[in-house]
Amino acid sequence: MLSKIGNILSIRCMLLFSSLLFIGCQQQDGPIKVGVLQSLTGTMAISERSVVDSTLMAIDEINAAGGLLGRQIEAVVIDGKSDWPSFAVGAEKLIVDEQVSVIFGCWTSASRKAVKPVIERYGNLLFYPVSYEGLEVSPNIIYTGSTPNQQLSPTVKWSIENKGKRIFLASSDYIFPRVANRMMTKQIQALGGSVVGEHYIPLGSTDVDEVIKAIAESDADVVLNTINGDSNIPFFNKLANQQLSIPVISFSITEDELLTLDIKNVVGHYSAGSYFQSLKSDENLKFVKQFKQKYGFERTTNASMEAAYIGVHLWSKSVIQANTTDPVMVRTTIKGQRFNSPEGMVTVSATNNHLWKPLYIGQIETDGQLKIIWSEENPIRPLPLPLYHSRRQWKQFLDNLYEGWGKSWAAPSTDQNTDHRHGSNPHAVTSKQDL
Amino acid sequence: MNIRNKLLLIFMLVSGTSLGLLTTLAINNFTDLIQREVESSLNSIVDEKVTLIYSYIDSWEKTVSTYANMPFVIELIPPLTDAYNLGVDSLEYQKYDNHIRSSMRQLNDSIDGDNLFLIAPSGEIIFSLKHEIDLATNLKNGPFQSSQLAHVFRRASSFLETQISQFRPYSPSQYQLLKELHTSGIMVSKKTDHEALSAFVAAPIFRNDSLLGVLAIQLKGDDYFKLTTDYSGLKSTGDTLISQKSGNQVRNIAPLRDQPNSAHQYSFRLGSEKGIPIQRSVSGEKGSGLSVGFDDKSILAAWRYIPELRWGVVVRINSDEAFFEATTLRQKLIYLSLVVLLISIVVAIYSSHTIAAPLMVLAKASGKIAEGDFSQRVQIRGTDEIANLGTAFNHMSSKLNKVVTNLENSNKALELSNRELDNFAYVASHDLKSPLRGIDQLATWIWEDIDDKDETIDHLQMMRSRVSRMECLLDDLLAYSRVGRVEQKIGTINSKYLLESLFELVSPPDSFTFELKGEFPVFDTISAAFELVFRNLISNAIKHHDRDDGRIIISIEENDSNYIFEVTDDGPGIAEKFHKKIFGLFQTLKSRDEIEGSGMGLAILQKTLKLYDGNIVVQSEEGKGACFVVTWPKKIEQTTYMDV
């Protein structure tokens with residue numbers, strides 16, 4: 001108690017004296033600059049703009065509460081133009097010209113992989129907000145989205161236990177589904193299930209007849225869906241037309257995508273992720289309310305937006321603990337950092353810079369929201385690199401995909417209407433690689 | 001309280017508070033600095049410990065995964081499963097168990113494991129290096145299904161993940177331990193005294209994509225908790241605490257620094273008021289700061305959470321020791337400030353004396369001045385502001401002295417003029433009474449000599465003349481008194497024509513000559529006053545002339561602000577001794593019978609001219625004519641009239 005009073009006194013005295021003697025001496029001037037690097041134009045803009053919104057909302061929130069280290073945060077937004085080299089150029093511009101302390105950015109794995117060497121070269125820090133295929137650890141990147149073992153593994157186990165052992169894998173042809181299916185196949189078999197079909201369609205393709213036919217013929221109990229973007233529209237429409245009553249569990253369908261789908265054709269199907277807008281926690285109610293107030297009642301929140309929001313707050317807490325915005329110091333204090341987020345308590349892993357995150361399986365309802373029917377609320381440890389293969393084997397696997405697609409992270413697309421998740425490039429050649 | 005004491009008090013207050021404030025500031029700054037430094041070193045020590053623990057976790061998980069991927073491990077699973085299916089007591093199983101035992105022991109020992117298990121996908125433990133009671137039980141539905149081993153088995157078989165479990169007591173090992181204690185005759189009083197905490201690491205064994213089984217290794221906690229017993233950088237009271245939750249209790253799992261066998265010694269409820277850093281750490285928080293230890297001591301601590309093990313790691317040091325240097329500094333500073341305070345008191349007394357003493361002298365002198373003694377002077381010493389004040393005081397008092405003298409002089413002048421006024425009253429009454437007395441006398445004579453008609457006519461004629469003289473006197477007195485009381489109008493005059501007409505107007509004898517010399521101006525002035533002045537001067541010149549063929553010359557000159565008129569005559573002149581007198585009231589140089597006149601003309605002129613800032617002087621010698629010099633201002637303000 002005494003020491004507390006002493007502290008208060010000392011603070012008073014220091015305030016008094018510093019105001020008398022050292023006016024302006026200790027204040028660092030100007031705002032803290034942070035970079036926001038997402039596509040504001042091009043095919044990815046529709047998804048990435050929402051992430052920019054939630055990122056800026058978190059920054060505004062911190063500024064409104066008095067800023068960081070007594071300074072305001074100023075966001076410098078750069079358009080990645082849905083073009084991966086532009087992301088690398090943007091990152092370099094943010095670091096070198098704008099002198100940002102951190103970058104919140106990237107959606108596709110392709111853009112992240114383009115930015116990664118830039119961030120590492122300058123020793124800066126990137127917060128990446130999208131669930132992805134894993135197999136990557138960088139000391140300079142904090143991954144706030146789910147890893148496969150957080151999103152895929154619990155869902156596979158739940159599917160087999162609740163829906164049946166015959167599983168069909170329907171996918172877009174780019175890096176995330178390729179890696180995801182590789183991992184899921186192994187787990188399905190270990191759990192005594194079987195993959196009764198595995199089908200890929202090019203990103204953005206609307207030609208789904210073949211995959212629908214394959215599903216119909218497979219006699220599958222459940223479809224695990226990693227089809228991305230607009231391809232889902234014909235996929236679910238045809239599935240409903242064929243009157244196939246096989247449950248589909250999707251990994252890339254969030255509230256945002258449901259806005260574009262014909263809702264009667266997807267009602268009753270499932271989606272798995274670390275966050276849904278319908279979560280009832282106080283933190284989420286506040287988050288959703290705040291977002292709608294800021295950007296409009298018709299807007300929805302999704303996992304990537306929420307992960308971006310988490311990223312800003314984790315960074316802010318680490319800056320406070322480091323008492324500096326220097327990325328080198330923040331990289332130390334970010335380890336083990338916690339945040340009571342809309343999805344639940346998240347913690348930054350001290351070993352791989354991914355987050356301990358929960359998993360929710362939601363069933364699609366008529367209002368375009370997801371009703372949580374199962375959850376693993378104890379945060380799941382992130383294991384971005386499954387140990388049953390060595391690091392070298394995984395690298396080889398990725399390299400083969402990349403080379404096979406003509407130095408790209410996606411198989412070629414048949415048309416240009418693409419909205420792709422988890423990394424893609426519409427200009428490449430098809431190739432199927434396996435371990 | 002006099003000024004000396006006041007100054008002394010203010011001086012001591014100011015020096016005392018600022019000294020106290022500065023001392024406090026210095027101590028606090030230093031304390032803050034020390035806290036920051038100690039905190040930052042505690043933070044780096046705890047981060048180092050955590051990194052060490054993580055490096056162990058990482059190497060355990062990687063090593064076990066590597067083992068599970070080793071071809072010879074993969075190859076021994078099918079035959080082992082076959083042998084196991086015949087029963088663990090079967091000769092085949094024992095033979096195969098023996099066959100693989102040494103290589104399994106080698107794997108186990110190379111990562112300091114306590115036990116090594118091979119588990120079938122069904123959950124059956126098909127191999128155990130130590131052959132404890134868990135062998136051949138099923139981890140999915142057997143007695144140990146809720147153990148940490150069962151947990152890591154599920155992670156490995158269902159999720160294909162290699163994750164370390166928490167450190168918890170493992171019943172089969174516990175059973176074995178108690179059995180050994182019993183056989184060696186040690187009585188077990190408290191269960192937790194002999195609790196061995198174990199963690200497990202398990203990895204799936206695959207052949208291609210099919211799961212053959214799970215390899216698990218048991219790690220004995222005690223071997224690893226000692227990892228934290230490196231106390232470098234932690235001085236003498238620093239300690240590292242590793243704790244974990246069990247239920248709503250928090251318990252230490254690594255020994256304390258000064259008690260090597262103190263693992264599990266302290267435990268307390270979550271939410272109690274002690275061991276705050278430990279509680280925070282096991283609740284998942286990360287931080288550092290001043291807090292209260294589990295032993296109720298004030299400590300400086302840094303805490304971390306290891307979610308993989310659900311461990312709270314705390315590095316702490318007693319506040320006493322951490323702030324030892326600050327305490328020493330505080331004592332030194334307090335002594336130092338006492339000395340400085342003493343010196344400042346001496347200085348205060350000295351300076352209050354040097355400032356206050358002269359001030360008090362000045363105050364005394366001022367008091368005397370106030371009593372009327374303007375001769376007060378103070379002695380001046382030095383050249384500072386106090387000396388300046390003294391000089392100013394002396395200057396002021398001498399000036400004051402001068403002013404008072406002047407005032408006395410003016411008073412004297414005023415008295416003089418009062419006397420003149422009395423004089424005037426006397427003269428006036430006397431002069432005014434004498435014609436009246438004459439009238440009275442004449443009337444008496446008329447009354448007595450009423451028979452002698454001729455003489456009576458004479459007397460009556462004289463009486464009339466006295467009466468008219470009296471009238472004239474009273475008129476002029478009235479005119480004099482009216483000068484300045486009546487507002488005068490400004491008009492443009494042509495002085496040349498005006499003067500000529502004035503001469504004509506007084507109807508001089510024909511033999512008199514009149515001459516104007518110089519450029520006479522046309523200008524704006526008070527014409528009535530101008531007329532009055534020059535009519536009087538001209539008529540005087542004629543009236544007082546001793547010849548009929550007199551000559552009057554008016555000349556003009558000018559300077560910046562005035563016209564200077566000279567009215568010269570060639571009359572009898574005025575003796576110098578009368579030069580002043582002629583401007584007095586009722587002053588005539590000859591008897592009134594000789595030259596009729598009130599004796600007030602020049603007095604009126606002078607009064608009028610003075611009113612408008614003009615002037616009149618006379619230059620004359622007896623018998624040589626007279627010259628009146630009139631200074632007439634070029635500009636006269638209309639508002640200038642006497643305020644009555």
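In what follows, chains carry the letters A, B, and so on, assigned in the order in which the sequence lines appear, proteins first and then strands, with residues in each chain numbered from 1.
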Chain B contact via [X] - side chain, backbone, both or neither, heavy atoms under 4.5 Å:
X: A:Gln321; result: side chain
X: A:Thr332; result: both
X: A:Lys157; result: side chain

Let me confirm one number: the [atom1]-[atom2] distance from [X] to [Y], rounded to the nearest 0.5 Å.
X: B:Asp58; Y: A:Leu387; atom1: CG; atom2: CG; result: 8.0 Å
X: B:Tyr54; Y: A:Lys335; atom1: OH; atom2: NZ; result: 9.5 Å
X: A:Thr333; Y: B:Lys286; atom1: OG1; atom2: NZ; result: 5.5 Å
X: B:Phe206; Y: A:Gln189; atom1: CZ; atom2: CD; result: 9.0 Å
X: A:Arg338; Y: B:Tyr305; atom1: CZ; atom2: OH; result: 8.0 Å
X: A:Leu383; Y: B:Leu160; atom1: CG; atom2: CG; result: 11.5 Å

Given the options [options], which has more heavy-atom pairs under 4.5 Å with chain A than any of the others?
options: B:Gly284, B:Ala203, B:Ser55; result: B:Gly284
options: B:Ser319, B:Pro204, B:Pro307; result: B:Pro307
options: B:Glu308, B:Lys62, B:Glu161, B:Gln163; result: B:Glu308
options: B:Asp209, B:Ile57, B:Ile27; result: B:Asp209

Report task. Using a cut-off of under 4.5 Å on heavy-atom pairs, state which of A:Ser390, A:Pro386, A:Pro154 scores highest against chain B. Result ->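 It is A:Pro154.
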What part of [X] gets closer than 4.5 Å to chain A, counting heavy atoms only: side chain, backbone, both or neither?
X: B:Ser158; result: both
X: B:Asn208; result: backbone
X: B:Pro121; result: neither

Query raised in the report: How about A:Arg166: does its CZ atom have over 12 heavy atoms from other parts shown lying under 6.0 Å from it?
Result: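 Atom CZ in A:Arg166 is packed in, count exceeds 12.
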**Report entry** Neighbour count >12 (heavy atoms, 6.0 Å) for atom CE, A:Met329
**Finding:**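 No, CE of A:Met329 has 12 or fewer neighbouring heavy atoms, counting only those of other groups under 6.0 Å.
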Query raised in the report: Run the salt bridge (charged side-chain N to carboxylate O under 4.0 Å, His left out) check on A:Lys317 and B:Glu285 step by step: do they pass?
Result: CA-CA 12 Å; A:Lys317 290 182 89 173; B:Glu285 279 181 42; over 6 Å; no
**Report entry** Considering all heavy atoms, the nearest B:Ser157-A:Ala190 contact
**Finding:**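 Here B:Ser157 and A:Ala190 meet closest at O-CB, 3.9 Å.
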